[in-house]
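Quick notes on the structure that follows.
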Amino acid sequence: MTGDRKFRLGVLGSGKGSNFVAVAEACRAGTVPAEVALVLSDVAEAGMLERARERGIPARFMPPGKFRTKLDEEAEQAYIEALRDAGVDLVILAGFMRVIKDRLLQAFAGRIINIHPSLLPSFPGLAAWRQALEHGVKVTGCTVHFVDAGVDSGPIIGQQTVPVLDDDTPETLHQRIQVAEHELYPRCVAAIARGQVTIQGRRVIRIGS
């Protein structure tokens, strides 16, 4: 970024917002050279809205429209306008439980990222930690990736491994994956904000340290 303007983040989420908090705190600490400009949720009572307001970050509920798994066209356009009005450079999904469709993807092409609780391409979709346990893998983890029109299929920015223990339950494994998420997501956002990430086909190339 040029001048005094900070790199600006817009966050979309549907729940408690622990990954949002990890990124916001890293921004405040200066380890992520950016600021959270706006938090939007499709759930009126989402905990992340209150967490944002506690930090003085603009946050609001925006109705998702008539569909259960995606934003309808009117809602999607409202989200786009809100993010644009906030001058957002990068859109971060933090537990946003709706599929991102073409209009939003085009409005922020190459500028929407997500974190997923597995080592993609293994175990896309819901409850990835439970999938990992059911398949008997010994190592799982989390992945930060760019969002495309598929399900958890965009180019991979970064990954962090988490061992699967013999006595793990879905709950204990999920908790440890979340610890890894809170480390990985800010690191990846920081790299993007510094201009150290570029996409070459399906590969994401890191430039600099």
Side-chain angles (χ1 to χ4, degrees), residues 1-2 5-40 47-48 51-52 54-55 57 59 83 86-96 100 108-124 128-129 132 137 139-148 152-164 173-209:
M1 305 303 295
T2 59
R5 183 184 181 277
K6 283 190 174 182
F7 192 87
R8 293 172 67 83
L9 310 174
V11 183
L12 307 185
S14 304
K16 296 178 180 178
S18 64
N19 275 307
F20 150 67
V21 169
V23 171
E25 290 301 302
C27 289
R28 186 164 67 174
T31 54
V32 174
E35 62 182 348
V36 180
L38 180 64
V39 173
L40 300 176
M48 68 181 303
R51 291 183 174 196
E54 290 170 355
R55 290 164 173 78
I57 298 170
L83 293 165
V88 165
D89 300 297
L90 180 71
V91 178
I92 295 174
L93 305 185
F96 191 58
I100 303 298
F108 291 90
R111 295 189 293 145
I112 304 176
I113 65 173
N114 181 48
I115 190 160
H116 181 76
S118 77
L119 297 176
L120 293 172
S122 297
F123 312 128
W129 57 91
V137 300
V139 177
T140 186
C142 53
T143 302
V144 176
H145 63 95
F146 285 105
V147 177
D148 62 11
D152 302 321
S153 60
I156 291 171
I157 303 164
Q159 294 182 308
Q160 187 160 322
T161 60
V162 174
V164 181
L173 180 56
H174 189 204
Q175 288 170 1
R176 292 206 319 285
I177 291 173
Q178 284 187 314
V179 172
E181 288 178 342
H182 300 161
E183 297 170 355
L184 180 65
Y185 218 178
R187 288 205 306 269
C188 292
V189 173
I192 295 170
R194 294 188 181 107
Q196 297 171 340
V197 171
T198 184
I199 305 176
Q200 295 182 5
R202 289 286 309 165
R203 297 181 63 205
V204 173
I205 307 299
R206 291 283 293 271
I207 303 167
S209 58

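Here the structure is a predicted model, which means the values were calculated and not measured. We use all heavy atoms of the structure for the numbers below, so side chains are in, but hydrogens, waters and symmetry mates are not.
- Considering every non-hydrogen atom in both Gly141 and Ile177, the closest pair reads O-CG2, 3.6 Å.
- Under the side-chain contact (heavy atoms from CB on, under 4.5 Å) criterion, Ser122 pairs with no residue at all, not counting sequence neighbours.
- Interatomic distance, CG of Leu12 versus CD1 of Ile100, reported as 6.0 Å (0.5 Å rounding).
- When all heavy atoms are compared, the tightest approach of Ala26 to Pro186 is CB-CB, 3.8 Å.
- Considering only residues two or more places apart in sequence or on other chains, Arg111 meets the side chain to side chain donor-acceptor pair (under 3.5 Å) condition with none of them.
- Residues satisfying the ring pair (Phe, Tyr, Trp, His ring centres under 6.0 Å) criterion with His174, sequence neighbours excluded, are Trp129.
- Thr140 is linked by a side chain to side chain donor-acceptor pair (under 3.5 Å) to nothing, counting only residues two or more places apart in sequence or in another chain.
- Judged as a salt bridge (charged side-chain N to carboxylate O under 4.0 Å, His left out), not a single pair has a partner in residues 114-124 (not counting sequence neighbours).
- With sequence neighbours left out, the side-chain contact (heavy atoms from CB on, under 4.5 Å) criterion links Pro124 to Leu120, Asp152.
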### Task
Decide yes or no on side chain to side chain contact (heavy atoms under 4.5 Å, CB included) for Ile192 and Phe7, but give the supporting numbers first.
CA-CA 10 Å; Ile192 295 170; Phe7 192 87; 4.1 Å; yes

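- Between atom OG1 of residue Thr143 and atom CD1 of residue Ile156 there is a gap of 5.5 Å, rounded to the nearest 0.5 Å.
- Every side-chain contact (heavy atoms from CB on, under 4.5 Å) that Val21 has, sequence neighbours left out, goes to Glu25, Arg51, Arg55.
- Atom NE2 in His145 sits 8.0 Å away from atom CG in Leu93 (nearest 0.5 Å).
- Atom-to-atom distance recorded for Leu119:CG and Gln159:CD is 5.0 Å, nearest 0.5 angstrom.
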Please report, to 0.1 Å, the donor-acceptor pairs under 3.5 Å made by any side chain of residues 197-205, with sequence neighbours excluded.
unit_1	atom_1	unit_2	atom_2	d
Arg202	NH1	Ser153	O	3.0
Arg202	NH2	Ser153	O	2.7

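- Going from atom CG of Leu173 over to atom CD of Gln178 covers 10.5 Å, rounded to the nearest 0.5 Å.
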### Message
Using the rule given for side chain to side chain contact (heavy atoms under 4.5 Å, CB included), can you reason through Phe96 versus Val91, listing the C-alpha separation, both sets of side-chain angles and the distance that settles it, and then say yes or no?
### Response
CA-CA 11 Å; Phe96 191 58; Val91 178; over 6 Å; no

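- Remark: of the listed residues Ile157, Ile113, Thr31, Ile113 is the sole one forming a side-chain contact (heavy atoms from CB on, under 4.5 Å) with Val189.
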Name each donor-acceptor pair under 3.5 Å that joins a side chain in residues 33-40 to protein atoms two or more places apart or in another chain, with its distance.
unit_1	atom_1	unit_2	atom_2	d
Glu35	OE2	Arg8	NH1	2.9

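- Checked against ring pair (Phe, Tyr, Trp, His ring centres under 6.0 Å), Phe123 has the following partners two or more places apart in sequence or in another chain: His135.
- Every residue meeting the side-chain contact (heavy atoms from CB on, under 4.5 Å) condition with Val179, not counting sequence neighbours, appears here in chain and number order: Glu183.
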